[in-house]
There are 2 protein chains.
Amino acid sequence: MGRRGPYVCGIDAAMDVVSGKWKSLILWELHHHGARRFGELRRGLPGVSEKMLAQHLREMEEDDLVRREVFDQVPPRVEYSLTDSGRSLNEALRAVGVWGQQRLRRLAEPA
Amino acid sequence: MGRRGPYVCGIDAAMDVVSGKWKSLILWELHHHGARRFGELRRGLPGVSEKMLAQHLREMEEDDLVRREVFDQVPPRVEYSLTDSGRSLNEALRAVGVWGQQRLRRLAEPA
DNA sequence: ACAAGTACGCACTAAATAGTAAGTATGGGG
DNA sequence: CCCCATACTTACTATTTAGTGCGTACTTGT
C-alpha cells in the first residue's frame, strides 16, 4: 500500500501513517476506551467494513501504533490497544481535532 | 473528490481537508515562505505534477485554507498565501510534525 | 439441525486518486 | 518565425483504496 518513506519532513512522515479513512478514528477509539476487541471497534466506527478495519489495524500494527493480543479461546478473542507511539501520536493530533471542531462550527453557522 | 462531511468528530473534519498527497506540504511551504507563485510552489515540492498542484490548491481555496490572488499581467502572475484558517491549521499540525520527526529518527536508527 | 457470534482472509468489483502528455493565450528574445 | 516562460485545463491511463459477499473453524443457544 502506502509508501513508508522516503519522507521529506516530519509532517510527511506522520501523515503517511494516519492517512487512511479510519486510522485517526481508530486511534481515538482506542485512546478513550483502552483495549478493544475487533467487534467492539467495528461497532464503534459506524460504516467501516470488516475488511478495511482489519487492513488498517494490520498497517497500524506494522507502524507500531497499535498492539495486538490474541487470547487462545473459543470463540476467538483479540484485543487491540495503543502503543506508546500510538498514544503520543494521538496526543499530537489533539490540536488538529480542536481545529476541526472549529471548522465544524464554521460549517454549521453559515452566517 | 473528498466528502466535506458529514463528520463524526473534529479530527475527522480536519483530516478531510489535509488528506491529499501534498496538502500538508503546501501548507508548510506557504507558511514559511509567505506568498508564493504557482511555479515557485511546484519547484518547492519535488515530484508534484502541475495537475495535482492545481487541484490541491483549488480544494484548499474552497476549504478556505489558502487565498488566491491574480495579477493582471503578462506573463500571468498568481500568488497563493495562507488564510487565518490555514495558518491555524498549520500551527495545529506542528505537534504532528514533531511526532513525525521522532518517527524518522526511529526509522533511521534500527538499533 | 441450524443460525449466530467470533475474527478474520480472499476474490472480485467499484470508486477515488494520481500520473502523462498535450493544448491555451500572451509577449519577449534570438 | 519559433521557442520559452507563465499558469493553468483537458483527456486519457494507471495505480491505489475501498466496498461486497462468501468462506473458515469452533461453540453456544433454539
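All figures in this text were calculated on a predicted structure; none of them were measured in a lab. The chains referred to below are lettered A, B, ... by the order of the sequence lines, with proteins before strands, and numbering in each begins at 1.
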In whole angstroms, how far is the [atom2] atom of [N] from the [atom1] atom of [X]?
| X | N | atom1 | atom2 | answer |
| --- | --- | --- | --- | --- |
| L53(B) | dT10(D) | CG | P | 16 Å |
| M15(B) | dT17(D) | CE | P | 14 Å |
| D72(A) | dT6(C) | CG | P | 18 Å |
| K51(A) | dC22(D) | NZ | P | 16 Å |
| E50(B) | dA18(C) | CD | C1' | 15 Å |
| F38(B) | dT9(D) | CZ | C1' | 10 Å |
| Q55(A) | dA7(C) | CD | P | 19 Å |
| R43(A) | dT6(C) | CZ | P | 5 Å |

Regarding [X] and [Y], does a basic nitrogen lie under 4.0 Å from an acidic carboxylate oxygen?
| X | Y | result |
| --- | --- | --- |
| E61(B) | R67(B) | no |
| R77(B) | D72(B) | no |
| E79(A) | R36(A) | no |

Base, sugar-phosphate alone, or nothing: which one does [X] contact when heavy atoms must sit under 4.0 Å apart?
| X | value |
| --- | --- |
| K21(A) | sugar-phosphate |
| F71(B) | nothing |
| R42(B) | nothing |
| R36(B) | nothing |

Among the nucleotides [options], which one has an atom lying closest to any side-chain atom of [X]?
| X | options | value |
| --- | --- | --- |
| P76(B) | dA7(D), dG19(D), dC8(D) | dA7(D) |
| P75(B) | dC8(D), dG19(D), dT6(D) | dT6(D) |
| V74(B) | dT26(C), dG19(D), dC8(D) | dT26(C) |

Would you indicate, yes or no, if [N] has its OP1 or OP2 atom less than 4.0 angstrom from a side-chain nitrogen or oxygen of [X]?
| X | N | result |
| --- | --- | --- |
| R68(B) | dC8(D) | yes |
| H56(A) | dA18(D) | yes |
| R77(A) | dG5(C) | no |
| R37(B) | dA7(D) | yes |

Quiz item: Could you go step by step and tell me if V48(B) and R42(B) meet the side-chain contact (heavy atoms from CB on, under 4.5 Å) rule?
Solution: CA-CA 7 Å; V48(B) 76; R42(B) 190 164 61 78; 4.1 Å; yes
Self-check item: Polar contact flag, side-chain donor to acceptor under 3.5 angstrom, S85(A)-R106(B)
Solution: yes
